Amino acid sequence: MLRCKDIAAHASEHIDGELNWKQSLGYGLHLLVCGYCRRFVRQLRTTIACARAVAADDALAHDEARRISERVYDHASRP
Amino acid sequence: MLHNDQQALDIDALRRGDRAMFTRLVALHHRRLVIVARAIVGEAWAEEVVQEAWISVHRALPKFEGRSSLLTWLYTIVRNEARTRLGKEARYVSLDTFPENSHEDTLRALNMAFRGDGHWQGAPADWHVDSPLAWLENTALQDCINRTLERLSADQRAVFTLRDLQQMELQDICNILELSNSNVRVLLHRARLTLMQVINRYQETGSC
């Protein structure tokens, strides 16, 4: 029987679908009966979603991107 | 403003050499490519490596056949450019900006949440809200998350960027960073736990 500590240690593998069927079964059974672990896993998912949303706006400013692009095209036009 | 990574990226236009589309490609991916280059070659050379990689990308785009995704292809070119640079430079300066004991602190804090028999000492803190979109209205928390991302070790940040931001397969990440599957999993889990702990602290104290 998995302990809560094991659930926390393997939460990323659970989220990423990296557990094999036997591990998944044990993991799922534990989550069924343990509200604390369900909360932990839910919060880890929320963490990932938050970080993804915050980091989504990390594009370079257009001027900066254009400078890099110009350098690339200049380089390409050299004989 | 949030954007979708692949929004308005026309691969045929890129292949034809469309300059505006190439500029858009640079805008969308440059920063994340630098994060990955940093994990391979260190802070000092990362920006330069990616600038060089863009020249290779531009040269190779007409021949891009789409056998791998554009993302995997881009990161592979950066990886190759970074490896070439490593070969030229005699030394590799690792610039992990997050002190190693901070990672240990994260793990210790998690371990302390459990009793000797491996069960929770008490309930994990209840977050006020579980909806990421609601969180985004909170700029102070956004700053906390951004600062934490910047302070992750270079390899943790690269793995987190490739997996959780670019949603790349673990095997592709292993190939790009030349790390084993188990190493990638450990780095990813530690990065996520560090971020989770920051959000937890913010929930409890209102600051990072």
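This structure is a prediction, so every number in the text was calculated from the model and none was measured. Just so it is clear: chains get the letters A, B, ... in the order the sequence lines come, proteins before strands, and each one is counted from 1.
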Asp6(A) versus chain B, the contacting section by heavy-atom distance below 4.5 Å: neither
Flag if over 12 foreign heavy atoms under 6.0 Å of CZ, Phe114(B): yes
Proximity breakdown for Arg59(B) and chain A, heavy-atom pairs closer than 4.5 Å: side chain
Over 12 non-hydrogen atoms of neighbours within 6.0 angstrom of CD in Glu169(B): no
Check: Tyr27(A)/Glu13(A) side-chain N/O donor and acceptor closer than 3.5 Å: no
Donor-acceptor pair between Asn175(B) and Gln171(B) side chains, under 3.5 angstrom: yes
Flag for Glu81(B)-Ser56(B): side-chain donor and acceptor within less than 3.5 Å: yes
Spacing of SG belonging to Cys50(A) relative to CD belonging to Gln142(B), to within rounding of 0.5 Å: 9.5 Å
Leu25(B) portion near chain A, given a 4.5 angstrom heavy-atom threshold: neither
Top contributor to chain A interface from Asp117(B), Val50(B), Leu188(B), Val57(B) [non-hydrogen pairs under 4.5 Å]: Asp117(B)
Region of Leu149(B) in contact with chain A, defined by heavy-atom distances below 4.5 Å: side chain
Chain B interface, residue from Arg71(A), His75(A), Arg39(A) that has the most non-hydrogen pairs under 4.5 Å: Arg39(A)
Toward chain A, the part of Ala191(B) with a non-hydrogen atom under 4.5 Å: neither
Engaged part of Glu18(A) at the chain B interface, taking heavy atoms whose separation is under 4.5 Å: both
Region of Ala76(A) in contact with chain B, defined by heavy-atom distances below 4.5 Å: side chain
Test item: Arg42(A) and Trp127(B) side chains (from C-beta on) under 4.5 Å apart, heavy atoms: no
Options Arg185(B), His119(B), Arg19(B), ranked by heavy-atom pairs under 4.5 Å with chain A, top entry: Arg19(B)
Contacting region of Arg66(A) [heavy-atom separation from chain B under 4.5 Å]: both
Part of Ile55(B) lying under 4.5 Å from any heavy atom of chain A: both
Short N-O contact, Asp16(A) and Arg192(B), less than 4.0 angstrom: yes
Under 4.5 Å from any heavy atom of chain B - which part of Arg67(A): neither
Part of Ala9(A) lying under 4.5 Å from any heavy atom of chain B: backbone
Parallel, tilted or perpendicular, as decided by the 30° and 60° cut-offs, for the rings of Phe64(B) and Trp73(B): tilted
